[in-house]
Each structure stands twice: as C-alpha cells, then as structure tokens.
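Computed from heavy atoms alone, side chains included, the values below leave out hydrogens, waters and symmetry copies.
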Amino acid sequence: MKRLSCLVFFLFFFSGCAVNNALVMPDRDFKSYKNAYIEMAPEDEFNIGTFLISELGDMGFQVYNKKPPEKPLPADMLVKYSFVKSWDLSPYLASYQVLFLDARSEAIVAQLGYRLNGNWLSSQQRKIQGINELRGKLGYLPSKVTE
C-alpha cells in the first residue's frame with residue numbers, strides 16, 4: 001500500500017506540473033493561411049524560432065523569418081513568440097508562448113502556451129509537446145522531431 005501511495009504521489013506530482021494548451025479561434029480557419037512570417041526573437045538560445053520554421057514548413061506553410069509585406073495577402077499569417085528561461089544548475093526553457101496572427105488585422109488565429117516548472121524535460125521535448133498540442137487540434141500528425 002505504501003508503494004502504491006508513493007507511485008500515485010509521483011504520478012500526480014510530475015503530471016500536474018505541466019501546463020500545455022493550444023487554442024484555435026473558432027471564427028478563423030488556420031488552414032486557409034499559406035504564408036507564415038515569423039518574428040524572430042533577438043536572443044533565442046532555445047532555438048524556438050528555428051523550431052517553428054521547421055514545424056510550420058512541415059505543416060505546409062511557406063515560412064519566412066522576416067516581417068510580412070506592407071500589404072499582406074489574406075493568406076499571410078504573422079507568428080510571434082516569447083519564452084521564459086529558468087535555472088536549475090543550467091538554464092532551461094520554463095515556458096513559451098506562440099501567437100499566430102492574421103497579418104492584415106493582427107487578430108489572433110491561434111495561440112499556444114507551454115509551461116513546466118523544473119528541469120524534468122529537455123527544452124526540445126517541451127517544444128515538441130507544445131507544438132503537438134496545436135497540431136492535434138488542427139488535425140495534423142505529431143511532429144517528426146523526436147529529440
């Protein structure tokens with residue numbers, strides 16, 4: 001009984017720490033966008049921008065790491081991201097957020113947020129879990145990236 005109690009405690013402890021959510025706006029058709037313009041963070045030590053370029057390309061988008069044109073097309077999406085770094089003997093990705101915006105109106109098309117306190121998973125695994133939540137809600141297969 002004591003072992004079972006310890007096992008249940010650890011399962012709740014480790015599973016309860018992660019917050020992973022993706023939201024696709026019901027009035028927006030994510031798949032109607034064809035071009036994704038990623039606004040790269042100036043210091044991105046976790047390579048989130050590069051990861052998003054790869055993932056969005058795999059999802060069929062034409063991806064650019066520059067600002068959208070002055071007169072965006074209806075099929076143009078702007079992608080912005082931010083992250084929080086934490087320390088536990090070494091730096092790790094504590095959380096990240098991604099906004100997918102209509103390039104013309106800057107209305108939110110979708111958003112992705114991931115947070116996990118503690119250095120239990122690698123930064124790469126955190127990025128994969130977050131994007132897979134969004135991919136699942138949109139009907140895409142999980143990320144091909146494994147580590």
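Sorted by first and then second residue, the side chain to side chain donor-acceptor pair (under 3.5 Å) pairs involving residues 62-79 (not counting sequence neighbours) are Asn35-Asp76. Applying the side chain to side chain donor-acceptor pair (under 3.5 Å) test to pairs two or more places apart or on separate chains, those with a residue in residues 22-33 are Tyr33-Asp102.
Checked against the 6.0 Å centroid threshold, Tyr114 and Phe83 do not count as a close aromatic pair.
The distance from atom CD of Gln97 to atom NZ of Lys80, rounded to the nearest 0.5 Å, is 14.0 Å. Annotation: the span from Asn21 atom CG to Leu134 atom CG amounts to 10.5 Å, rounded to 0.5 Å. Rounded to the nearest 0.5 Å, atoms CE (Met77) and OH (Tyr37) are 12.0 Å apart. Ile128 CD1 to Arg135 CZ: the interatomic distance, rounded to the nearest 0.5 Å, is 10.5 Å. The line from CD1 of Ile131 to OH of Tyr140 is 10.5 Å long, rounded to the nearest 0.5 Å. Between the CG atom of Asn20 and the CD atom of Glu133 there is a distance of 4.5 Å, given to the nearest 0.5 Å.
Looking only at side-chain heavy atoms (C-beta outward), Val84 and Arg115 stay at 4.5 Å or farther from each other. In this structure, the side chains of Gln129 and Leu121 come closer than 4.5 Å at one or more pairs of heavy atoms. Looking at Met40 and Ile53, their side chains come closer than 4.5 Å, going by heavy atoms from C-beta outward. Side chains of Val79 and Phe61 form no contact here, defined as non-hydrogen atoms less than 4.5 Å apart.
Cluster membership for Phe30 and Met25, using ILVMFWY side-chain heavy atoms within less than 4.5 angstrom, is not shared. At a threshold of 4.5 Å between side-chain heavy atoms, the hydrophobic network of Ile, Leu, Val, Met, Phe, Trp and Tyr places Val63 and Leu78 in two separate groups.
Shortest non-hydrogen contact noted between Pro91 and Lys85 is CB-CD, 3.7 Å. Minimum interatomic distance between Ala36 and Leu56 (heavy atoms only, all atoms of both residues): CB-CD1, 4.0 Å. Closest approach of Ala103 to Pro72, counting heavy atoms only: O-CG, 3.5 Å.
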### Query
Between Ile48 and Leu93, is a side-chain contact (heavy atoms from CB on, under 4.5 Å) present by the stated rule, with each step listed?
CA-CA 10 Å; Ile48 296 170; Leu93 179 62; 4.0 Å; yes

### Task
Could you walk me through whether Leu101 and Glu39 pass the side-chain contact (heavy atoms from CB on, under 4.5 Å) test, one step at a time?
CA-CA 11 Å; Leu101 308 166; Glu39 195 174 282; over 6 Å; no

### Task
Just do the side-chain contact (heavy atoms from CB on, under 4.5 Å) check on Met59 and Leu138 with the steps written out, would you?
CA-CA 10 Å; Met59 293 165 68; Leu138 294 169; 4.0 Å; yes

### Query
Does the pair Leu73 and Lys34 meet the rule for a side-chain contact (heavy atoms from CB on, under 4.5 Å), with working shown?
CA-CA 10 Å; Leu73 300 171; Lys34 303 299 176 212; over 6 Å; no

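Here the side chain of Lys137 pairs a donor or acceptor atom with the backbone of Ala22 at under 3.5 angstrom. No donor-acceptor pair under 3.5 Å is formed between the side chain of Tyr81 and the backbone N or O of Tyr96.
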